[in-house]
Amino acid sequence: MALWEALEAYGRSDAYPMHMPGHKRRGEGAFDWYAMDITEIDGFDNLHDAQGVLKDAMERAARVVGAERSWFLVNGSTCGLLAAVFAAVRPGEKVLAARNCHKAVYHALALRGAVPVWLYPPTEPLGYAGALPLSLVEEALSRDAYAACILTSPTYEGVTSDVAGIVRACRRSGTICIVDEAHGAHLPLGDREDFPESAVSQGADLVIQSLHKTLPSPTQTALLSLCGSRVPAERVETYLGMFETSSPSYPLMAGMDACMEWAEAKGREAMRRYARRLAEFYRKSEALKELAALPPAGRDPGKLLIFDRKFRMTGREIYDILKDEFSIQPEMAAERYALLMTSPCDTDEGFARLWAALTALDKRLGAENVRLPEEDGSLRAFPQNEAVLPMLAALEAPGSVRKVSELTGAEISGEWVTPYPPGIPVLAPGERVGAALPWLKAHREELRIAEIEL
């Protein structure tokens with residue numbers, strides 16, 4: 001079966017999408033993509049020198065999110081993170097970064113020749129990374145000078161950090177604050193009593209948002225927004241010209257413009273309806289006896305983390321049952337929970353189907369008699385690895401592929417080890433294998449080792 005045939009079959013099925021993209025296959029207005037697929041002909045502007053219709057479209061985007069400038073990204077948030085790091089950081093400069101940053105941040109720092117200093121957020125009970133503590137950032141900034149501080153808020157699981165406090169700390173020390181808000185493009189449209197505040201309105205210097213994750217925009221579309229004047233717009237544009245394709249897709253840009261038009265005209269009311277659906281879901285979930293939906297305190301409520309209170313079922317088992325028995329396609333399965341992504345484009349019918357599935361599964365679990373697993377303390381969001389070489393140096397060093405079972409832990413990784421999703425490296429090139437060895441033994445058979453003497 002060809003890819004397009006498989007996609008058409010999925011589109012015709014009754015599977016309900018509790019996953020990205022945010023439009024939930026329900027885009028307003030039907031675009032004829034082939035008819036719209038053009039190049040930079042007269043009257044249609046040029047993304048890399050926008051003077052007309054694209055300039056107007058990006059000005060609308062900046063108005064919607066509340067930024068000084070916003071740029072369309074057709075290479076996804078990855079392109080925006082690369083350009084932001086290069087615009088804010090020079091080769092050899094130190095960068096403070098949360099260890100749970102997306103792999104694109106690691107790639108940007110490696111390519112730029114920056115020196116990352118990692119900050120480790122705590123691990124939450126379900127095994128994912130929590131908020132980046134402001135105290136960790138303040139302590140690090142008091143000890144040394146950094147060109148930039150990079151964090152992810154909200155995370156894949158919806159966790160938000162004190163961006164406003166981190167921004168204030170960065171400004172006191174002359175540090176640029178870059179926030180990967182890929183999972184928070186909807187936040188500028190939400191009321192503060194319902195949703196966390198966007199990093200844009202909290203004063204971050206550069207903010208990257210994936211429109212497709214939570215808004216009605218095609219996959220691969222994103223925004224890079226400049227807030228204030230501490231980073232020259234010209235530097236941002238220079239590096240966007242290097243990292244973003246010189247042949248941007250007009251259908252993708254049209255999708256972004258339509259999304260921003262929708263956001264400006266209908267977005268806030270759509271978010272209020274969305275907030276009511278979520279509030280009702282969490283209210284009803286309190287009646288579940290065996291399953292649970294993690295309360296949204298400190299998180300974006302749109303990320304639903306579903307787990308078995310007694311951990312009889314893994315996240316993968318919950319995921320598979322929802323998909324195979326109830327035709328609800330979750331976003332991701334972790335060891336202890338299944339992650340379902342919602343958006344303003346979800347429907348009452350979709351939430352009703354999810355609730356019916358969870359109540360049926362909850363009753364089934366209640367009838368089972370099982371022994372609870374023992375907690376061994378091994379669940380961690382990520383290991384704390386010792387970096388001994390620059391990432392590119394280790395990546396390009398002579399190396400050999402070794403069996404993980406034969407490693408001692410003293411070896412230096414010659415590759416990235418990045419489970420996807422969510423795309424956070426467990427091990428980076430140049431780091432000793434030691435702390436990551438238990439994870440590697442459970443998930444990998446081989447690893448490339450950098451053979452270099454220190």
Side-chain angles (χ1 to χ4, degrees), residues 16-19 100 121-131 154-160 183 194-196 274-343 346 348 350-382 419 421-422 424 438-439 442-443:
Y16 190 84
M18 286 288 180
H19 59 80
N100 61 326
T123 299
E124 294 296 317
L126 289 181
Y128 60 86
T155 67
Y156 194 58
E157 295 80 13
V159 176
T160 55
H183 284 270
D194 298 322
F195 294 93
Y274 179 37
R276 290 193 290 270
R277 289 190 187 105
L278 290 171
E280 176 69 5
F281 173 81
Y282 283 109
R283 184 191 64 77
K284 291 196 298 187
S285 70
E286 294 175 0
L288 295 172
K289 293 179 170 50
E290 309 298 329
L291 293 175
L294 187 70
R299 297 190 308 112
D300 171 14
K303 297 294 184 73
L304 309 182
L305 272 59
I306 309 299
F307 63 99
D308 177 359
R309 295 177 189 273
K310 299 175 183 176
F311 302 120
R312 294 158 296 185
M313 298 184 70
T314 65
R316 170 53 64 178
E317 288 170 328
I318 296 172
Y319 177 107
D320 287 341
I321 289 172
L322 290 176
K323 175 174 68 73
D324 298 336
E325 298 185 25
F326 297 98
S327 292
I328 293 172
Q329 176 61 64
E331 167 72 18
M332 186 271 284
E335 183 175 346
R336 288 188 168 178
Y337 59 89
L339 170 61
L340 290 83
M341 283 187 61
T342 64
S343 86
D346 277 300
D348 291 335
F351 271 91
R353 284 181 58 180
L354 174 60
W355 179 246
L358 293 179
T359 52
L361 182 54
D362 193 65
K363 290 178 181 177
R364 183 189 310 176
L365 282 170
E368 294 179 355
N369 182 19
V370 296
R371 182 174 63 85
L372 304 187
E374 294 183 3
E375 173 59 63
D376 61 6
S378 64
L379 201 63
R380 294 290 181 272
F382 30 67
I424 299 169
W439 188 96
H443 297 90

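For the numbers below, each heavy atom of this structure counts, side chains included, while hydrogens, waters and symmetry mates do not.
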cation_pi(R353, F326) dist<6.0 Å, angle<=45 = no
Is any side-chain heavy atom of Y337 closer than 4.5 Å to a side-chain heavy atom of P330?
-> no
Can you establish whether the number of heavy atoms outside K284 located under 6.0 Å from its atom NZ is more than 12?
-> yes
Sequence neighbours excluded, the answer for side-chain contact (heavy atoms from CB on, under 4.5 Å) partners of Q329 is Y10, H19, Y319, K323
Is D362 reaching over with its side chain to a backbone N or O of L291, donor-acceptor style, under 3.5 angstrom?
-> yes
For the student: nearest non-hydrogen atoms of A131 and P121, plus distance | O-CB, 3.7 Å
Say whether, by atom type as modelled, one donor and one acceptor occur between the side chain of T160 and the main chain of G298 under 3.5 angstrom.
-> yes
Where the side chain of R299 meets the backbone of L294, is there a donor-acceptor pair that is under 3.5 Å apart?
-> yes
Quick one: list whatever passes side chain to side chain donor-acceptor pair (under 3.5 Å) with T359, sequence neighbours left out.
-> none
P422 and Y128, any side-chain heavy atoms less than 4.5 Å apart = no
Does the side chain of E335 come within less than 4.5 Å of T314's, by heavy atoms?
-> no
Aromatic contact, F195 with Y274 (centres under 6.0 Å) | yes
Do M313 and L361 come close enough that some side-chain heavy atom pair is under 4.5 Å?
-> yes
Would you call P301 and P196 a side-chain contact if the rule is heavy atoms closer than 4.5 Å?
-> yes
Rounded to the nearest 0.5 angstrom, the CG-CG distance for L339 and L126 is 11.5 Å
Please tell me if the side chains of E157 and L305 come closer than 4.5 Å, counting only heavy atoms from C-beta onward.
-> yes
Short question: side chain of K303, backbone of Y156 - any donor-acceptor pair under 3.5 Å?
-> yes
Which atom pair, heavy atoms only, marks the closest approach of I328 to A357?
-> CD1-CB, 3.9 Å
Gap between atom CG of L304 and atom OH of Y282 - 0.5 Å precision | 4.5 Å
Test item: Y16 and L340 side chains (from C-beta on) under 4.5 Å apart, heavy atoms | no
To the nearest 0.5 Å, what is the distance between OG1 (T342) and CG (D300)?
-> 7.0 Å
Under the criterion side chain to side chain donor-acceptor pair (under 3.5 Å), which of R309, R364, R312, K363 is the partner of E290?
-> R312
Determine yes or no for a side-chain-to-main-chain donor-acceptor pair under 3.5 angstrom, with T155 supplying the side chain and V159 the backbone.
-> yes
For I318, which of D320, I321, L322 qualifies under side chain to side chain contact (heavy atoms under 4.5 Å, CB included)?
-> L322
Would you say the side chain of M18 lies within less than 4.5 Å of the side chain of M341, judging by non-hydrogen atoms?
-> no
R277: partners by side chain to side chain donor-acceptor pair (under 3.5 Å), with sequence neighbours left out | D348
